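For reference, the structure is listed below as structure tokens.
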Amino acid sequence: MEEINKIEAAEAKISKNFIELIIDEDLQEGKNGNRVHTRFPPEPNGYLHIGHAKSICLNFGLGKKYNGKTNLRFDDTNPAKEEVEYVESIKEDVKWLGFNWDGEYFASDYFEQIYQYAVQLIKNGKAYVCQLSAEEIAATKGTPTKPGTDSPYRNRSVEENLDLFARMRNGEFAEGSHTLRAKIDMASSNMHLRDPLMYRIIHTEHHRTGKAWCIYPMYDFAHGQSDFIEAITHSICTLEFEVHRPLYDWFLNALEVTGDRPRQIEFARLNLTYTVMSKRKLLTLVKEGHVMSWDDPRMPTISGLRRRGYTPESIRNFAEKIGVAKRDNIIDVALLEHCIREDLNKKAFRAMAVINPLKVVITNYPEGQVEEMDAVNNPEDESMGMRKVPFSKVLYIEQEDFMEEPSKKFFRLAPGQEVRLRYAYFIKCENVVKDENGNILEVHCTYDPASRGGNSPDGRKVKGTLHWVAAEQAVKAEVRLFDRLFTKQNPDDLEEGEDFKDNLNPESMVVKPICYLERHLGNAKPMEKFQFERIGYFCCDKDSTSDKLIFNRTVTLKDSFKG
RNA sequence: UGUCCCAUGGUGUAACGGUAGCACACGGGUUUUUGGAGCCCAUAGCCAAGGUUCGAAUCCUUGUGGGACAACCA
């Protein structure tokens, strides 16, 4: 009995990641009125990728785990880079991943409030309007090892600062001519504390606020305040913001806000082998036509993974498996692929398709006869039912399933050898028809009518089983085979003079214009997922230009099939 | 010649001062009406040195290695 209790106790002790430990501690100390409120804060300047998925699953996961809330907040403080299109795609992707946000906000919702915060700091002598140029600011900033020097505008009077800041807002100044800076410490060992910029002038229309503003808060002066306004308790971001944390806290302290203060916690971003994750590089791939679009099935974007046939469950599961920590990591993309196989294996409809067709004629099968064979839709899930597959005299099998001079361990079709056609009959190769150059045109076989369904009444065994399609009844389709986009394990790790595009995999997409698929697939709805016998997982998609069905292979092959 | 962060098998991630576990990858076996699925097995790890302690992956010190920081980006 004690033993059992011990085991149960061990099982109940679910390991927690370091963020959960921090939250537990805060809860124990009674912080934030025992609330947990997180947020996912993308800048709408591009499409979400698998790296964002980690953050999404983390933030929403914590919200759920602690019976708390999670906001979706768009960090739209730079109108030059942001677009409505990205806002929409981000919402769609988060929803698709299976998460519902409690509040939907934009940093731009808080522009007036943030402006008032700035005025408050000016009044307290903690901010000033600086007229140094970008170059001059950079030059007086010092370096990580050398202190900076004070701006000549640092000691303006409060009145003058207030006046200039108001005029900045009124649009009296050109871009780059004036900035609002926090008065902290130009000699700080932390570069971010050397009088950081709070506001800059940008005369660009904002996708939401239009022309209402021509000054925009910097990330550092918007993020913490936005978190505070939304009563976020735990503001989770990636490691590169670690050095920003003192500034995050400095602003909230300087503003003397009352109430629960958000706490910034940093974690290591996701890196994947054979994958680039930077938005800049992904954009380059799209712009230069190395891929078809942001949602090209080879892209690591959420929308690309979706088109490739990934399920939300598989991605959530992946996020769970990779864990969360603070050390830099590069996760084997094989783990992602494992996750989708694991999920699709249970869910995908099985089907037969021939990618590299070889014609097989059953010489003793009646001309014109068509039989319907029973096939299971998913051997792991009976509830997915059965289907009928047409069988006739002329078939296609995979070229690689036939060998004229078989090696010792080759148990598939070869002259004189008998194999099973899955769901159909035993067939035996009798003859090979070649053209004048010796290329194999077709293979002639005989079948055993008694072996229908795949078993011979006399109990004789065959060692190979092949997938096939009936030539006349098959659906002809274009199939695209996708593989990893990069040949290099770490495409970001470049040698001297090497460009990341040098490592693109030239075979990342192979188009097979003529493949033969099972009849019923011709009626498939776009984006349905199939597991084709032996070949892998496919996602059925509709070509947007020609309206024809395209089959995208979803899972990277390893060419490890033996035999 | 700075500040901050990080360090557990090949890759990730657990351990919360008390037997270093899990997953993926890799290798081997087995099975099958197609295997990349299933099942079984194996290999492999606490960065180093001191210290505290009955006991250290865990706490401390130093060293080593890696990363972040010098955008009017986020």
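Order of the sequence lines sets the chain letters (A, B, ...), proteins ahead of strands, with each chain counted from 1. All values reported here derive from a predicted model rather than from experimental measurement.
Take A/Lys388 and apply the salt bridge (charged side-chain N to carboxylate O under 4.0 Å, His left out) test, not counting sequence neighbours, and it matches A/Asp374. A search for ring pair (Phe, Tyr, Trp, His ring centres under 6.0 Å) contacts involving A/Tyr117 returns nothing, not counting sequence neighbours. Under the ring pair (Phe, Tyr, Trp, His ring centres under 6.0 Å) criterion, A/His207 pairs with no residue at all, not counting sequence neighbours. Residues passing the side-chain hydrogen bond (donor to acceptor under 3.5 Å, both in side chains) test with A/Lys16 are A/Asp24, sequence neighbours excluded. Applying the salt bridge (charged side-chain N to carboxylate O under 4.0 Å, His left out) rule to A/Glu25 yields no partners; only residues at least two apart in sequence or on another chain are considered.
Between A/Lys428 and A/Glu418, none of the side-chain N atoms (NZ, or NE/NH1/NH2) sits under 4.0 Å from a carboxylate O, so this pair counts as no salt bridge.
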Do any N or O atoms of the protein come closer than 3.5 Å to N or O atoms of nucleotides 70-74 of chain B, and which pairs are they?
| from | atom 1 | to | atom 2 | distance (Å) |
| --- | --- | --- | --- | --- |
| B/C72 | N3 | A/Gly176 | O | 3.4 |
| B/C72 | N4 | A/Leu132 | O | 3.1 |
| B/C72 | N4 | A/Ala134 | N | 3.3 |
| B/C72 | N4 | A/Gly176 | O | 2.6 |
| B/C73 | OP2 | A/Arg200 | NE | 3.1 |
| B/C73 | OP2 | A/Arg200 | NH2 | 2.8 |
| B/C73 | O3' | A/Arg200 | NH2 | 3.1 |
| B/C73 | O2' | A/Asn78 | ND2 | 3.3 |
| B/A74 | OP1 | A/Thr77 | OG1 | 2.6 |
| B/A74 | OP1 | A/Arg200 | NH1 | 3.4 |
| B/A74 | OP1 | A/Arg200 | NH2 | 2.9 |
| B/A74 | OP2 | A/Tyr219 | N | 2.9 |
| B/A74 | O4' | A/Glu43 | OE1 | 3.4 |
| B/A74 | O3' | A/Asp75 | OD2 | 3.2 |
| B/A74 | N6 | A/His244 | NE2 | 3.2 |

Check the interface with nucleotides 45-47 of chain B: list each N/O to N/O pair with the protein under 3.5 Å, or write none.
none

Give every pair of a protein N or O atom and an N or O atom of nucleotides 7-13 of chain B that lie under 3.5 Å apart, one pair per line with the distance.
| from | atom 1 | to | atom 2 | distance (Å) |
| --- | --- | --- | --- | --- |
| B/U11 | O3' | A/Ile330 | O | 3.0 |
| B/U11 | O2' | A/Ile330 | O | 2.8 |
| B/G12 | OP1 | A/Ile330 | N | 2.7 |
| B/G12 | OP1 | A/Ile330 | O | 3.4 |
| B/G12 | O5' | A/Ile330 | O | 3.4 |
| B/G12 | O2' | A/Ile322 | O | 3.1 |
| B/U13 | OP2 | A/Arg327 | NH1 | 2.7 |

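Applying the salt bridge (Lys or Arg N to Asp or Glu O under 4.0 Å) test to residues at least two apart or on different chains, the pairs with a partner in residues 238-251 of chain A are A/Glu240-A/Arg269, A/Glu242-A/Lys326, A/Arg245-A/Glu266. Pairs engaging residues 185-204 of chain A under the salt bridge (Lys or Arg N to Asp or Glu O under 4.0 Å) rule: A/Arg154-A/Asp195 [sequence neighbours left out].
Helical stems in RNA chain B, defined as runs of 3 or more consecutive Watson-Crick or G-U wobble pairs with both donor-acceptor distances under 3.5 Å, are listed by first residue as B:2-7 with B:64-69, B:10-13 with B:21-24, B:27-30 with B:38-41, B:47-51 with B:59-63.
Listed in residue order, the members of residues 448-461 of chain A having a heavy atom less than 4.0 Å from RNA chain B are A/Gly453, A/Gly454, A/Asn455.
Residue A/Lys16 is the one, among A/Lys16 and A/Leu466, whose nearest nucleotide of RNA chain B lies closer to the 5' end (criterion: closest heavy atom).
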